[in-house]
Trainee: 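Got a structure for you, questions after.
Hydrogens, waters and symmetry mates are skipped; everything else that's a heavy atom, side chains included, is used. Quick note: residue numbers are just sequence positions, from 1. This structure is a prediction, so every number in the text was calculated from the model and none was measured.
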Amino acid sequence: MIKISPEAQLSLRQFLDKTNMPPNLRLVIAGENLATYHPSFLPMGLDEPSPEDVQMQYDKIAICMDARTARKAEGLSVDLLNTSAGPRLKFEFPSPVWNDPIADRLQKLIDQSINPALLSHGGYVGLLGVRNGIAEITMGGGCQGCARSKQTLNESIEAIIKREMPEIRRVVDCTDHAQGNNPYYRSEGEASASRSARRRSNRKR
């Protein structure tokens, strides 16, 4: 269900070894909207998993999550990304599928041209939808709460979208930047999570 690269597993294990904690982590995915998931791993310490937890065993680490998180995590892959700010975990969900052809084209543009550039800084963009020529997005990872997020939106994201898709008249950032604490391991706040938006089947705008 969840694919964690060997490099990401090693990074997680090194963190736990450094903090002298048991090799058990809980996956938490905040956010109710499918395009605004914010995943992070939390050390479990000596806490025992509940009987309802879904447990996954990797080489030297165990991942636990509740049933609701397990549904959100379907198709999730976790890798280690080297950024200008240092190594960060990259959380990536399957790209959404849109019925609206304009939204579908914009999603491909985000996946192929915008997010690869943002990921070098640990950030990403999620598409909420397109309505009447207005694209609504969220900014996550290193972009959420960043003092330069508005500049990134205006000079980079919106500029690329308008150049490649003239039918998009405006790009609106719907991110709650006040909540941007960019978790990696929440206990240390070493780095940020990044991912593409979660699959959204048959969503209509």
Side-chain angles (χ1 to χ4, degrees), residues 1-5 8 11-12 25-44 52-56 63-81 83 88-99 103-104 106-112 114-119 121-130 135-146 149 152-153 157 171-187 189-205:
M1 178 172 54
I2 299 176
K3 181 179 179 180
I4 304 179
S5 72
S11 178
L12 291 167
L25 289 168
R26 179 168 294 279
L27 175 64
V28 176
I29 303 178
E32 298 302 320
N33 189 294
L34 295 179
T36 58
Y37 285 164
H38 293 284
S40 58
F41 286 118
L42 303 180
M44 292 181 62
E52 294 78 23
D53 276 343
V54 176
Q55 300 182 52
M56 302 186 68
I63 306 295
C64 297
M65 69 200 84
D66 59 33
R68 188 180 184 193
T69 299
R71 289 192 294 271
K72 291 181 178 182
E74 182 179 356
L76 173 65
S77 62
V78 184
D79 202 354
L80 192 68
L81 182 70
T83 76
R88 297 173 183 242
L89 284 186
K90 173 186 175 184
F91 294 83
E92 187 169 7
F93 294 87
S95 292
V97 174
W98 297 91
N99 285 336
D104 190 59
L106 180 52
Q107 183 66 59
K108 289 182 173 65
L109 179 63
I110 290 172
D111 290 343
Q112 296 170 9
I114 295 175
N115 274 342
L118 294 178
L119 282 174
H121 301 283
Y124 61 86
V125 165
L127 177 62
L128 294 173
V130 179
E136 296 181 345
I137 66 165
T138 61
M139 303 174 72
C143 290
Q144 186 184 16
C146 175
S149 60
T152 300
L153 173 67
I157 299 169
V171 179
V172 176
D173 180 13
C174 300
T175 310
D176 182 0
H177 285 285
Q179 298 299 316
N181 56 0
N182 302 328
Y184 176 23
Y185 309 114
R186 186 169 298 175
S187 62
E190 291 181 345
S192 68
S194 60
R195 56 96 181 93
S196 64
R198 165 99 166 137
R199 177 173 296 277
R200 205 179 292 110
S201 300
N202 299 320
R203 178 171 180 166
K204 297 183 179 180
R205 286 277 176 176

Trainee: How about D173 and I157: do any of their side-chain heavy atoms sit closer than 4.5 Å?
Mentor: no

Trainee: Pick one: which of V78, D79, L89 meets side chain to side chain contact (heavy atoms under 4.5 Å, CB included) with S5?
Mentor: D79

Trainee: Using 0.5 Å steps for rounding, measure from the CG atom of N115 to the CD1 atom of I110.
Mentor: 6.5 Å

Trainee: Do D66 and D53 have side chains that approach each other closer than 4.5 Å (heavy atoms only, starting at C-beta)?
Mentor: yes

Trainee: Testing the basics here: between P94 and G75, what is the closest heavy-atom pair and its distance to 0.1 Å?
Mentor: CD-O, 3.6 Å

Trainee: Look at the side chain of K72 and the backbone N and O of Y37, then say whether any donor-acceptor pair between them is shorter than 3.5 Å.
Mentor: no

Trainee: Taking all heavy atoms of A70 and all of M65, pick out the closest pair and write down the distance.
Mentor: CA-SD, 3.6 Å

Trainee: With rounding to the nearest 0.5 angstrom, report the CD1 to CD1 distance, I137 to I114.
Mentor: 7.5 Å

Trainee: With heavy-atom distances below 4.5 Å as the criterion, would you say the side chains of L128 and C174 are in contact?
Mentor: yes

Trainee: Roughly how far, to the nearest 0.5 Å, is CD of Q55 from SG of C64?
Mentor: 4.0 Å

Trainee: Using 0.5 Å steps for rounding, measure from the CG atom of L106 to the CG atom of L127.
Mentor: 5.0 Å

Trainee: Could you check whether any side-chain heavy atom of L27 comes within less than 4.5 Å of a side-chain heavy atom of M56, counting everything from C-beta outward?
Mentor: no

Trainee: Given side chains that start at C-beta, do those of T69 and V28 come closer than 4.5 Å, heavy atoms only?
Mentor: no

Trainee: Can you find a pair of side-chain heavy atoms, one from V130 and one from W98, that are under 4.5 Å apart?
Mentor: no

Trainee: Enter the distance from D104:CG to L109:CG here, rounded to the nearest 0.5 Å.
Mentor: 11.5 Å

